[in-house]
Undergrad: 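Quick one: the structure is below, and I'll ask about it shortly.
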There are 2 protein chains.
Amino acid sequence: MTKARTGLIKTDKGQQTRSAILETALETFREHGYERTTMRTIAERAGVALGNAYYYFHSKEHLIQAFYGRTHAEHLAACAALLEKERDLKPRLLGVIRTKIATLEPYHQFAGKLFKTAADPHSPLNPFSDESDPVRKESIELFGEVVSGSKTKVPKDLMAELPYMIWLYHLGIILFWIHDRSPRRARTHRLIERSGDIIVKLIGIASNPLMSPLRKSAIRLIVELRQDVSARAD
Amino acid sequence: MTKARTGLIKTDKGQQTRSAILETALETFREHGYERTTMRTIAERAGVALGNAYYYFHSKEHLIQAFYGRTHAEHLAACAALLEKERDLKPRLLGVIRTKIATLEPYHQFAGKLFKTAADPHSPLNPFSDESDPVRKESIELFGEVVSGSKTKVPKDLMAELPYMIWLYHLGIILFWIHDRSPRRARTHRLIERSGDIIVKLIGIASNPLMSPLRKSAIRLIVELRQDVSARAD
DNA sequence: GTCTATAACCGGATAGAC
DNA sequence: GTCTATCCGGTTATAGAC
């Protein structure tokens, strides 16, 4: 396969055109939704020819990839203050998750389509794919910091897998949020509250020596899960 | 919206045409994959005109819905003997899950696309949608029988939610399987073994009176999750 | 009212000239 | 790096046959 064109743009003008297309696309997605926005419209509104839009973005879906990166960066920035001050695990976790949802909110409708393509194992947008690797890594790291920057002590073996576990959990929350049509996403917020509570409790329980067999089973399970990512043959 | 055409076919000839299209479609999907199979090809191979295929199936995706129903029925049949004989929870659960994977195996490649559309909240194929309701209900019931037909005693409050929990879990296994490219799906089978072990352990732990607060939290969480389904506003 | 066929439409994607 | 012209396949409109 070819390298992502994105990496190959050299000139200033190119950069400008690229970001003009991306801005226009995101704006139009927000306004009219993903499906109803055609590549022709994006190109037209951005003042470029259709073929030119495809020069910068392989496909309509690749515009989503760019969207990933952008909201991730926003999320990081929006979390920084909280992670700086707060030392309790539960508010750290809840805060980071809530901030994530808040960051995505303007794109709620569009996010449905996003997850749609994300679930396809052949899609480069799938969060487990190589192309998603950088964002995924950073995102997992963020959850590592949520735990390690807190007062809570976690057994070493668990700590090795916990960031990935929480990252998976956070994908689950996003999936729920996508389906959530309740006013002000009240349901999602209740879910975050409740599941966050459970997670913190479970971490406590898992640190109890009596629970060591269960913990070890769970860790083995996650190790198994995680390998999937690095083991794509074709 | 119009009613599903599927329900309106009255004549014998119609039924025949319909099933000819479906057979051809599934066969071609298995052979060449979902994306590479065009509606034109299906129609041609089935010996009908393109428009006619659309008379019987609203869209290409609706062919998938039919596929759901069919494999579910097959799965039920394949499980019956096991559920009749076996009384231990763990082999019951593992057996049912393994049989499910075995039933889907011929469609592994195609299943990726399936989940792709299934993840879209607006798609009728999404396992949480109204249109999927009958199959979902039956499927949840099946997992209820896995537990209730076993020797294991489960607290009543937990028993009310456990079938749904296990159904969700089984979706997770399928998602993993879709991404699994290991020989003979060795990874998926390891995952089933390990996660099944944990589930059975957790059910045991959850029945311990000391764990009652955690159990109650977990149940509240699932109740919250489940409501999502019945609460679509638009 | 049930079914079948033909001819478009529409939008994502590509080829190739400049 | 940008354009125009074109392909391709999902979907729809519509006319009519049984």
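Per chain, numbering begins at 1; letters A, B, ... match sequence-line order. What's counted below: heavy atoms across the whole structure, side chains too, no hydrogens, waters or symmetry copies.
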Undergrad: Expressed as a whole number of angstroms, how long is the span from A:L50:CG to D:dT4:P?
TA: 10 Å
Undergrad: Show every side-chain hydrogen bond (donor to acceptor under 3.5 Å, both in side chains) that has at least one partner inside residues 102-111 of chain B, sequence neighbours left out.
TA: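 Every pair satisfying side-chain hydrogen bond (donor to acceptor under 3.5 Å, both in side chains) with a residue in residues 102-111 of chain B: B:R30-B:Y107, B:E105-B:W177, B:E105-B:R185, B:H108-B:R185.
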Undergrad: In whole Å, I'd like the distance from the CD1 atom of A:I64 to the P atom of C:dG12.
TA: 12 Å
Undergrad: Which whole-number value in Å describes the distance from A:E61 CD to C:dG11 P?
TA: 18 Å
Undergrad: Which nucleotide, C:dA13, C:dT4, D:dT11, lies nearest any side-chain atom of B:K13?
TA: C:dT4
Undergrad: Rounded to whole angstroms, how far apart are OH on B:Y54 and P on C:dA8?
TA: 18 Å
Undergrad: Over how many whole Å does the gap from A:D12 atom CG to D:dG1 atom P extend?
TA: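 Value for this atom pair: 11 Å.
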Undergrad: So, for A:F143 and A:Y169, is the gap between ring centers shorter than 6.0 Å?
TA: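 Not close enough - the centres of the two rings lie 6.0 Å or further apart.
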Undergrad: Does A:Y55 put a side-chain nitrogen or oxygen below 4.0 Å from OP1 or OP2 of D:dC3?
TA: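 For A:Y55, the contact criterion (side-chain N or O under 4.0 Å from OP1 or OP2 of D:dC3) is not met.
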Undergrad: Using a 3.5 Å distance criterion without hydrogens, assess whether the side chain of B:H170 forms a donor-acceptor pair with backbone atoms of B:W167.
TA: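 Side chain of B:H170 to backbone of B:W167, a donor-acceptor pair under 3.5 Å: yes, one is there.
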Undergrad: D:dT2 P sits how many Å from A:F57 CZ, rounded?
TA: 12 Å
Undergrad: How would you list, by chain and number, every residue that makes a salt bridge (charged side-chain N to carboxylate O under 4.0 Å, His left out) with A:E138, sequence neighbours excluded?
TA: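 By the salt bridge (charged side-chain N to carboxylate O under 4.0 Å, His left out) rule, A:E138 matches no residue at all.
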Undergrad: State whether A:E193 and A:R98 are salt-bridged, where the test is any N-O pair (Lys NZ or Arg NE/NH1/NH2 against Asp/Glu carboxylate O) under 4.0 Å.
TA: yes
Undergrad: Validate the cation-pi geometry between A:R226 and A:Y164: distance from NZ or CZ to the six-membered ring centre under 6.0 Å, angle to the ring axis within 45°.
TA: yes
Undergrad: Assess whether a salt bridge exists between A:E31 and A:R36, defined as any Lys/Arg side-chain N lying under 4.0 Å from an Asp/Glu carboxylate O.
TA: no
Undergrad: For A:I21 and D:dG1, give me the distance from atom CD1 to atom P, rounded to whole Å.
TA: 11 Å
Undergrad: Would one find a side-chain N or O of A:N52 under 4.0 angstrom from OP1 or OP2 of D:dC3?
TA: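 Affirmative; the distance criterion is met.
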Undergrad: According to a strict under-4.0 Å criterion, is A:T17 in side-chain N/O contact with OP1 or OP2 of D:dG1?
TA: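 It does not, given that no N or O in the side chain of A:T17 lies less than 4.0 Å from OP1 or OP2 of D:dG1.
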Undergrad: Tell me which residues in residues 26-49 of chain B put a heavy atom below 4.0 Å from DNA chain C, sorted by number, or none.
TA: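 Under 4.0 Å from DNA chain C: B:R40, B:V48, B:A49.
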